[in-house]
Number of protein chains: 2
Amino acid sequence: MLNADITTLSRVEHGLPETRILICDDHEIVRQGVREQLNEVEGWSVVGEAGDGVEAIGRAKQLKPDLIILDAAMPYARGIEVYAEVKRWLPDVKVAVLTGFTSPQLLASWVDAGVEGLFLKSTNAAELRQGLEAILAGARFISVEAAKILENATQRQPLTAREREVLSMITKGNTNPEIAERLHISVKTVEKHRGSLMAKLDVRSVSGLMIYAMREGLLDEFRQL
Amino acid sequence: MLNADITTLSRVEHGLPETRILICDDHEIVRQGVREQLNEVEGWSVVGEAGDGVEAIGRAKQLKPDLIILDAAMPYARGIEVYAEVKRWLPDVKVAVLTGFTSPQLLASWVDAGVEGLFLKSTNAAELRQGLEAILAGARFISVEAAKILENATQRQPLTAREREVLSMITKGNTNPEIAERLHISVKTVEKHRGSLMAKLDVRSVSGLMIYAMREGLLDEFRQL
DNA sequence: AACAAAATGGGGTAACGGACCCATTCGGGT
DNA sequence: ACCCGAATGGGTCCGTTACCCCATTTTGTT
């Protein structure tokens with residue numbers, strides 16, 4: 001549901017230019033909370049909001065903000081796709097990710113992608129403002145809680161495309177013979193992929209695979225803020 | 001992390017009494033967003049905030065609000081426990097649940113518990129205000145999206161305590177022999193519980209059980225907003 | 001062209017789980 | 001005292017999975 005409403009403030013006609021900020025999150029409550037926290041800082045101006053990934057890209061191109069606060073999980077375009085696209089069009093824009101996910105692997109992938117900031121939604125106002133100031137000054141800022149979680153991120157072998165495919169079908173409850181039939185490969189091959197999946201992720205059961213998939217946001221129907 | 005900060009406004013000394021509102025959510029951004037949306041309504045006053053379940057109960061007793069906006073998942077006390085406790089001490093207080101979970105079963109359990117309002121965090125400001133007005137006027141209000149999800153809630157046979165226990169151990173990756181050993185029952189009994197679990201939940205695999213457990217918030221390590 | 005990783009697939013064994021049948025005991029409610 | 005649901009447990013058969021061994025082919029990179 002798109003409820004974003006653009007509020008364009010007039011440019012500062014004298015003195016230093018304002019810092020222009022775009023807030024992208026699919027929940028209006030969160031956008032409003034972030035907006036409120038930022039409004040208290042002199043010189044910062046929330047120039048727009050977006051409620052989904054496609055709108056985020058459009059607004060970024062249109063408004064050319066200095067800083068984008070980006071939810072990691074929005075409808076219509078995954079956060080990482082939004083990030084790549086806005087960086088393509090606006091290479092100098094600073095992007096701070098604000099996410100409710102606490103998965104080490106997911107947070108690590110944002111860091112690897114090169115975002116300038118990474119916050120959890122549990123971040124308090126002071127830390128958010130302080131972090132954004134550092135980012136605008138050119139630093140990279142990872143919040144304390146995000147940093148703790150990242151410490152626990154184990155360095156894993158990446159999954160191959162076929163392994164991801166098999167994992168996806170396992171999470172949907174399919175048996176090895178069923179997966180074999182649908183992928184037009186033999187049961188033995190599915191067993192082989194399944195075995196290497198479990199070895200790479202260091203799990204020994206379907207529930208372990210499910211927990212991994214859940215944390216990595218690979219399950220479609222589990223929507224959340 | 002407790003970051004709640006009490007902001008006690010003075011009572012209105014003339015005219016109609018204000019509606020006193022307490023906001024309970026473990027994320028400061030959400031509390032601030034909700035506060036902002038409510039501040040726009042004349043006659044409403046946010047008298048306090050709480051960042052976890054225990055604090056929520058304490059503040060409710062202390063401040064005696066007319067209305068509590070309650071996150072379903074906070075640290076230290078489950079939302080349903082907070083709800084029961086504040087109703088025990090303040091039977092006339094109105095409680096509106098604001099949750100990020102979209103599980104039909106979970107939403108249904110809130111309705112069954114008797115809450116006066118049920119909103120998802122995707123609710124927009126207008127719907128939240130309209131709903132709270134209706135609640136304060138004595139109605140029960142379920143948001144449009146929550147109502148849609150509730151339509152899909154299937155009427156299920158409740159799980160027995162033993163079934164829940166077995167489910168919990170399955171979600172942690174245990175095999176039937178392992179569960180039997182830990183619960184000091186036979187493998188046959190575990191098989192029997194497992195079979196009835198799967199029949200009641202209409203699933204045929206561990207992944208189906210995991211999805212159910214996930215939706216019902218039975219998995220500990222999957223924290224979210 | 002050479003190389004390495006990925007993907008593919010077979011044989012065999014042991015363990016696990018599903019599903020059906022059978023059964024008794026316990027505890028709570030009437 | 002009676003009844004019913006929950007919990008308990010056994011036998012049997014069959015399908016599935018994990019894991020070890022073996023192997024060839026394909027694909028992408030250098």
Side-chain angles (χ1 to χ4, degrees), chain A residues 84 105 108-109 112-113 154-216 218-219, chain B residues 105 108-109 112 154-216 218-219:
Chain A
Q105 246 58 50
S109 70
D112 293 343
T154 54
Q155 205 63 19
R156 277 207 182 93
Q157 288 180 299
L159 302 184
T160 68
R162 204 55 148 171
E163 284 168 348
R164 288 184 176 278
E165 208 168 1
V166 168
L167 174 60
S168 173
M169 299 184 79
I170 292 170
T171 63
K172 292 179 175 68
N174 292 293
T175 64
N176 288 354
E178 287 168 348
I179 295 171
E181 186 177 2
R182 292 187 190 184
L183 296 182
H184 302 102
I185 59 181
S186 83
V187 171
K188 282 292 177 183
T189 303
V190 177
E191 288 173 14
K192 173 64 66 72
H193 291 312
R194 188 169 180 143
S196 63
L197 256 178
M198 294 174 70
K200 283 181 177 177
L201 304 181
D202 197 22
V203 302
R204 62 186 186 107
S205 62
V206 169
S207 61
L209 289 179
M210 290 296 287
I211 289 171
Y212 169 85
M214 191 170 69
R215 282 176 165 173
E216 294 302 301
L218 301 180
L219 301 180
Chain B
Q105 246 58 50
S109 71
D112 292 343
T154 54
Q155 207 63 17
R156 277 206 180 97
Q157 286 181 300
L159 302 183
T160 67
R162 203 56 148 171
E163 286 167 348
R164 288 182 175 279
E165 206 168 2
V166 167
L167 174 60
S168 172
M169 299 186 79
I170 292 170
T171 64
K172 291 180 176 66
N174 291 292
T175 64
N176 289 354
E178 286 167 347
I179 296 170
E181 186 177 0
R182 293 188 189 184
L183 296 183
H184 302 102
I185 58 179
S186 83
V187 171
K188 280 296 179 186
T189 303
V190 176
E191 287 170 10
K192 174 63 68 70
H193 291 312
R194 188 170 178 142
S196 64
L197 256 178
M198 294 173 68
K200 283 182 178 178
L201 303 181
D202 197 23
V203 301
R204 63 184 186 106
S205 63
V206 169
S207 63
L209 289 178
M210 289 296 286
I211 289 170
Y212 168 84
M214 192 170 68
R215 282 177 166 172
E216 293 301 302
L218 301 180
L219 299 181

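Residue numbers begin at 1 in each chain, while the letters A, B, ... track the order of the sequences. Note that the structure is predicted; figures quoted are calculated from it, not measured.
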Strictly distance-based, threshold 3.5 Å: is any side-chain N or O of [X] a donor or acceptor partner for the main-chain N or O of [Y]?
X      : Y      : value
A:K200 : A:P158 : yes
A:N176 : A:V190 : no
A:E165 : A:R162 : no

In whole angstrom, what separates [X]'s [atom1] from [N]'s [atom2]?
X      : N      : atom1 : atom2 : answer
B:L159 : D:dA6  : CG    : P     : 11 Å
A:L197 : C:dA6  : CG    : C1'   : 14 Å
B:E181 : C:dC16 : CD    : P     : 11 Å
B:E178 : C:dG17 : CD    : C1'   : 13 Å
A:R162 : D:dG28 : CZ    : P     : 13 Å
B:K200 : D:dG5  : NZ    : P     : 12 Å
A:Q157 : C:dA5  : CD    : P     : 11 Å
B:I185 : D:dA7  : CD1   : C1'   : 9 Å

Can you tell me if [X] touches the phosphate of [N], counting only side-chain N or O atoms and a distance under 4.0 Å to OP1 or OP2?
X      : N     : result
A:T160 : C:dA7 : yes
B:H193 : D:dT8 : yes
A:H184 : C:dT8 : no

- Minimum heavy-atom separation for A:A180 to A:S186, with atom names?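 Distance-wise, the nearest heavy atoms are CB-C, 3.8 Å.
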- Query: Nearest heavy-atom pair of B:G173 and A:S207: which atoms, and what distance?
  - Reply: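 Closest heavy-atom pair between B:G173 and A:S207: CA-OG, 2.8 Å.
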- Task: Flag the pair A:L197 / A:L159 as yes when at least one side-chain heavy-atom distance between them is below 4.5 Å, and no otherwise.
- Result: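 The answer is yes, as the side chains (C-beta and beyond) meet within the 4.5 Å cut-off.
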- Message: Under a 4.0 Å threshold between the charged nitrogen and the carboxylate oxygen, would B:E178 count as salt-bridged to A:R204?
- Response: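 Between B:E178 and A:R204 there is a salt bridge, with a charged N closer than 4.0 Å to a carboxylate O.
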- Item | Salt bridge present between B:K188 and B:E191 (N-O < 4.0 angstrom) |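 A salt bridge links B:K188 with B:E191.
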- Remember a base hit wins even if backbone is also touched, and classify B:T189 as base, sugar-phosphate or nothing at under 4.0 Å, heavy atoms.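 If one applies the 4.0 Å heavy-atom cut-off, B:T189 turns out to touch a base.
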- Task: Give me the bend of the helix from C:dA1-D:dT30 to C:dT30-D:dA1, using the axes of the five pairs at each end, rounded to 10°.
- Result: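 The end-segment axes of the helix from C:dA1-D:dT30 to C:dT30-D:dA1 are tilted 60° relative to each other.
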Are any protein N/O atoms closer than 3.5 Å to N/O atoms in nucleotides 16-26 of chain D? If there are, list each pair with its distance.
{"from": "D:dT17", "atom 1": "OP2", "to": "A:N176", "atom 2": "N", "distance (Å)": "2.8"}
{"from": "D:dA18", "atom 1": "OP2", "to": "A:R194", "atom 2": "NE", "distance (Å)": "2.7"}
{"from": "D:dC19", "atom 1": "N4", "to": "A:E191", "atom 2": "OE1", "distance (Å)": "3.2"}

- Query: For A:D202, does the CG atom have more than 12 heavy-atom neighbours from other residues, nucleotides or ligands under 6.0 Å away?
  - Reply: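 Atom CG in A:D202 is not crowded, with 12 or fewer foreign heavy atoms closer than 6.0 Å.
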